[in-house]
Each structure stands twice: as structure tokens, then as C-alpha cells.
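Throughout, residue positions are numbered sequentially from 1 according to the sequence presented. These values consider heavy atoms only, across backbone and side chains, with no hydrogens, waters or symmetry-generated copies. Given the structure is predicted, the values throughout are model-derived calculations rather than measurements.
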Amino acid sequence: MGSLKNNEPVKEPLNVLSHKGSPSPANSDKTTLDELWIQRLLPSYPRYRGNRPGSPSPATPPPPPELLGSRLPPPAMELLAAALSAACALDQDGSAGQPGRNAPAAAEETPAGTAEPPPAHPMTADSWRNLIEHIGLLYQEYRDKSTREEIETRRLQDSQTDPEETSPSEETPSEAEPTSTTENKAPPQISLLRNSNSRFNLWQDLPEIQSSGVLSILQPDEIKLQEAMFELVTSEASYYKSLNLLVSHFMENERLKKILHPSEAHILFSNVLDVMAVSERFLLDLEQRVEENIVISDVCDIVYQHTVNHFSVYITYVSNQTYQERAYKQLLQDKPAFREVISQLEQDPKCKGLSFSSFLILPFQRITRLKLLVQNILKKVEEKSDRESTALDAHKELETVVKACNEGVRKMSRTEQMISIQKKLEFKIKSVPIISHSRWLLKQGELQQMNGPKTSRTLRTKKLFREIYLFLFNDLLVICRQIPGDKYQVFDSAPRGLLRVEELEDQGQSLANVFILRLLENADDREASYMLKASSQSEMKRWMISLAPNRRTKFVSFTSRLVDCPQIQCVHPYVAQQPDELSLELADVLNILDKTDDGWIFGERLHDQERGWFPSSIGEEILNPKIRAQNLKECFRVHKSDDSQRRKLGSRNRQ
């Protein structure tokens, strides 16, 4: 990277780009030539410092007549042209260099016979391969480090501004920061994976970037965007490294092959070879894009193409997850030889102390993480640009794949669960068919039903209540009493859409956590009411929200679109234990819709609008209203391409 066209050495620094100050008379001709090059290179690049909104355009004197219409001689500005050629590959919407996109506007305006700028700074294939080969992190390690870094970054942002002095606003955090010239020129120090032992590079730390001088030209926002795109590329390399280890170290182990029957091996490893082939093809295209230009033009167009054409293999693999987990547990239990070989393979230094099961779940983790990486890019691209449009398209397709993966995982477990419930039910009333391909369980459990007329509510005796058992499905409520033999006798039912709930004021200890359940039309085609008592406040609220999901919660109306409700970020992963709970990953951000005094929160995850309950101990509340407003703004931007989804935000229960 130390030389340019014709192997001429670079001698001038890139700060010759500065358009401040006036040229000296002695250098007026050279200055005129330089400014003509700048005019050719910079207007088509929206993130150059001089092109920021509100920035005055540099005054440029007219060129001398002898230069008009003539071929510009290649001056010492070759360095400038080479360093900025990457920027010039981007048109006003940042779309040049992408498959199927139009040529840059600046190129269209170039007069015939005028010299084209020198080629872009490429990253040599050897240099790129050397970088990839020296990524020391397995994907599991990368994912953990990356999410923890995200948590720390959000903590820092949350603490930067006093919440008492800040009001909710759509203004981004960076807009409120001091705008001194020194701070604006300094590249943002994104500390992603800044571990000397990780061998995981930042884009701005690459030798090619450091030597080119582009960091002094690009705006800080563009550098952040470059980091976001570079992270997607290098994380794919880390993922492929881990997939390759799963195949070469585990799947192709000769001792393991002898122990496993072909059918067992098929269930355990599924179509992982197809997944790895897709990852390799995807990584090769990403590599080619990075090798073309040290300033990455875009990656979301490549993500879109591969998601549409190749990522269906993830659905097949992830849908097999239930079978895979069951087969693995059964093999550990039934085959000591299998257990011994797996243990020995896990202890190999190659695995870095990671378990075999952590390799098996890699594809599901990657496809969900890839969607979040595209979201991160989407938040940083120019609004109403081609790059934003491409990122939205890529995100939409990834979201479709992720949803299909989730549905594939749930389908088998739901079917088995419905069959099991059907066997336990005995109908005292007219029988209702339970098993349906479109029905699944939301919540089940025991509550206490109050006996006698309402006037007896004031009596302080436990005999007022008797146990009943509820099965709540996504479209049906079944009310039962437990009978001997692990059976349940059904004595009432109603469609879920015809349920209403009402919380009673506390009338003493024996009537605490009591609510009224109304069936507008029950199994006998008439209205019925039940006064029910839960074991705790959280259990009461969980039942009320599950039974009537569209009722107003403590912090937000479910019909509201834009609200400043409390938010929380996950700092400890959580695995759902009940159907109405939400599994959380590190760094997930959620709106708090309701919470209880005994430590439970009902929240909505911003990146996919999934809702559910989780313990308050796994998260940290975001106190800065400015950061909360920014999180909401980014959320709406990510989903703005789908108007129907935006209408559902804050108003649909996705349990």
C-alpha cells in the first residue's frame, strides 16, 4: 500500500485535501489543478467532511482558459485520487460498485476526453487471506466478546448525560456532543474486541487503512459504518472457522463414525455440510468486495443475494434442532463410548474449552446474529439512500429466514405437546377438538376459584376457594378440575378473543392477587364470570396479560405507537422456563411494558417485537431518556419498509 500507479512512491500526506485557507500566488496554477481534482472526486461522496449538511462549499476560482476542455495532467494529486477513489465509487446514494446498480453520478458528468481518476486502493488477496487466517477467535468467543462490548458501550452512553437534564428527543446522541474541530477529525475509537490476545482486527487498524490516510478524510459516521460492515465480514470468517472445526474435528472423526449409526449421525449433524458450503460461498463474495476497495462500498447487497438464493439451508438445519437435542441426550445416556469420545474431543486445545453442543447450535446463532449485524449497518447508512434501501431489503429477507427457523423449531415440540394434553383431558361438557396445526399452548397452571356469591368476598376464610386448572391456547381457553390419574375434567371453555379480565383492589391477605375472568360466550353460549386468585402478584399479572393480551399495561397502551416507556438491556442470558416467558440473549434491548413487585418484567424486545416475561435480575434499566428515544427511533427505522409490521409494533402479542 506504499505506492500507487506506475509504482511511484507516495511522498505527500493526505492532508493536502484541506480546503481551508487561500492558495499562495506562487502555487496558484498547482492549486487550480488540485481543486479541479477535488471537484471531480468529492462532490459524489456524501460522507466527505466538506459535504456535511450545512457545511459551506469551498470557494473555487474558475480554471484558466488553457485548462478548460483539456486533459488534466496527473499532478502530485495522484495520491489524493488513489486515496479517495474508494469514496468516489459511492454515488450520492452510496450505491456504486454494487451488483445491478447504476454508475456513479460523478462519472456521468465527466467530459469526454478527460482523464479518469486512478484505480481504487485494493487490498491484495494475500493481505486479506493473511488477515482471515490469523483471526484467532472461534465464533462462540467472538459472539460473547462482541455482545459484552455492546453492553459496555450502552452503559457508557447511558451515563454520559444526566437524565434529569435531558428530555426525550429524536436527536441522536452524537448530535448533543461537543463539536470541536479536533474531536470531529479524530476517528471514533470503536473498541470492539480490543483484546491483544484476540487477534481480531478493526477496519481502522488495518495497515492498508493506516497507510492510505483515508481516516483523515472520512467523516466519523462513515468510519463507524465501515467498522459495522467490516465486522459482518470478519465475523463470518470466524463463524466459518468454527463450522470447519465442527466438521473436521467432530463429524469426520473416525472413532465417532464407528460408534454412530448413519441415521444417528444424520440426525446429529443434519445438513451441516450444506450450511458450511453456503458460508464459504458467502465469505468468498464478501472477501472479493473487501479486496476491491479498502473503503467498503456495501455488503448488504451481497447479504440480500445470498439470503434469497442460499440461506434456506439454515431453515432445514435449525428445524432439526429438537430432534438433534433429543438424539444427543439419548446418545450420551445410552452409549458410554460416544460419551467418552466426545469428552476427549472437547478437551482438544482446538476447541478452546468449548462444548460439542456449542458447535451444534452455531447455525442458529449465526443467522440470528447476522440479522442484528445488518440492523447495525442500517442504523449507520445515509437515510433515503440506495445503501439504506439495500440494507432494508437484506434485513427483511433475513427476518423471513429467522422466523421460518423459529417456526420450524417450535412446530415439532408444539405438536407433541398438543397430543399429550389431548390425552389428559376428559370433557364434562361438549367435547372440543384440541389438536390443530394452527393451535399451540400459551400458558397452563393452577388457580383458585372463589365459591359462593360475590357478597361472600368479605369473608376471611380459605374455604372460599377451590383449585381449578387452566389450559390457555393461542385461540382457546379450557377450564378444568384435576382428577385422579393425572387427568383433567373440562367443565367450561371459551374462545380467547371473548375473554375479559379485571383486577380487584386488595381487600386483605386472603383476597390478595385476585382478578375476575369474564367469558363473554362460554361452552353453553352464555356469559360466565370467575373470581380467581393467583399465588403471587407476578402470577396474577402473567395470567391477566395472557388471557387478555390487548389490555393496557402499567407503562404503555398497546394501541400506542410512539411512547417513552422504560427500557432495559439484558446483561445475563435467560432461557424461558414457561411458554409465556421470553428467552433473552446478551445485549438485547426491551421496552418494559409491565413489571411486578416480586421481580418480574413483561417486555417487548425491540429488534423483533417478541414479548414475554423474564426476571428483572437479568437486566439493567436504561435511565437516559435520550438513549431510549434513540433506541425507539432506530427500531422504527429498521422496520419502516414494512408498514404492516410497524402498525403491529406495540400492539401484537407474539407469544
Between [X] and [Y] (salt bridge meaning N to carboxylate O under 4.0 Å), is one present in this structure?
X	Y	value
R326	E416	yes
E585	R369	no
E227	K224	no
D588	R605	yes
D608	K403	no
E634	R637	no
E222	R387	yes
D144	R148	yes

State, with a plain yes or no, whether a side-chain heavy atom of [X] is found less than 4.5 Å away from one of [Y].
X	Y	result
V374	C300	yes
L331	L260	yes
K241	L245	no
S235	L373	yes
R366	P363	no
V299	V290	no
R155	E620	yes
F269	L246	yes

Give me the atom names and distance for the closest heavy-atom approach of [X] to [Y].
X	Y	answer
H572	C570	O-SG, 2.9 Å
L586	P573	CD2-CD, 3.6 Å
A228	N376	CB-ND2, 3.7 Å
T322	V409	OG1-O, 3.4 Å
I302	D285	CD1-O, 3.6 Å
P615	I618	O-CG1, 3.0 Å

Please report the interatomic distance [atom1]([X]) to [atom2]([Y]), rounded to the nearest 0.5 Å.
X	Y	atom1	atom2	result
E254	I259	CD	CD1	11.5 Å
D298	M229	CG	CE	6.5 Å
S279	D274	OG	CG	12.5 Å
I296	L232	CD1	CG	9.5 Å
F250	L345	CZ	CG	5.5 Å
R628	N591	CZ	CG	9.5 Å

Sole candidate of V318, I367, N271 that passes side chain to side chain contact (heavy atoms under 4.5 Å, CB included) when paired with V313: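 Result: among V318, I367, N271, N271 is the only option passing the side chain to side chain contact (heavy atoms under 4.5 Å, CB included) with V313.
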Does K352 have more than 12 heavy atoms from other residues, nucleotides or ligands lying within 6.0 Å of its NZ?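 It does: K352 NZ has more than 12 such atoms within range.
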Would you say NZ of K257 has more than 12 non-hydrogen atoms from neighbouring residues, nucleotides or ligands within 6.0 angstrom?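 Enclosed: over 12 neighbouring heavy atoms sit under 6.0 Å from NZ of K257.
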Under 3.5 Å, is there a donor-acceptor pair between the side chain of [X] and the main chain of [Y]?
X	Y	value
H395	L378	no
Q210	Q204	yes
S242	Y139	yes
N253	L256	yes
S583	A576	yes
S343	E340	no
E252	H249	no
E407	A404	no
W203	I294	yes
Q567	V589	no

Candidate pair T147 and I151, rule side chain to side chain contact (heavy atoms under 4.5 Å, CB included), full reasoning: CA-CA 6 Å; T147 50; I151 290 171; 5.5 Å; no
Take Y314 and F311 through the ring-ring contact (aromatic ring centres under 6.0 Å, His included) test and state the conclusion after the steps. CA-CA 6 Å; Y314 282 95; F311 281 4; 5.4 Å; yes
For E292 and R289, what are the C-alpha separation, side-chain angles and deciding distance, and is it a salt bridge (Lys or Arg N to Asp or Glu O under 4.0 Å)? CA-CA 5 Å; E292 288 172 359; R289 178 63 54 83; 3.7 Å; yes
Check against side chain to side chain contact (heavy atoms under 4.5 Å, CB included), F614 and L590: CA-CA 11 Å; F614 53 89; L590 304 97; 3.8 Å; yes
Taking atom types as modelled, find out whether [X] and [Y] have a side-chain donor-acceptor pair closer than 3.5 angstrom.
X	Y	answer
E346	S355	no
Q321	S270	no
Q330	D334	yes
R255	Q344	yes

Given D158 and R154, is the salt bridge (Lys or Arg N to Asp or Glu O under 4.0 Å) satisfied, shown in steps? CA-CA 6 Å; D158 196 31; R154 197 172 287 123; over 6 Å; no
For the pair S238 and R143, evaluate side-chain hydrogen bond (donor to acceptor under 3.5 Å, both in side chains) and give the outcome as yes or no after the intermediate values. CA-CA 9 Å; S238 177; R143 188 169 175 269; over 6 Å; no
Compute the centroid of each ring, for Y328 and then for F356, and state whether the two points are separated by less than 6.0 Å.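 Yes; F356 has its ring centre under 6.0 Å from that of Y328.
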Q365 vs S358, test: side-chain hydrogen bond (donor to acceptor under 3.5 Å, both in side chains). Steps then yes/no. CA-CA 10 Å; Q365 290 180 333; S358 75; over 6 Å; no
Check the pair V303, F282 against side chain to side chain contact (heavy atoms under 4.5 Å, CB included), reporting the backbone distance first and the verdict last. CA-CA 8 Å; V303 175; F282 182 42; 3.8 Å; yes
Evaluation steps, side chain to side chain contact (heavy atoms under 4.5 Å, CB included), between T153 and E149: CA-CA 6 Å; T153 300; E149 179 67 25; 3.8 Å; yes
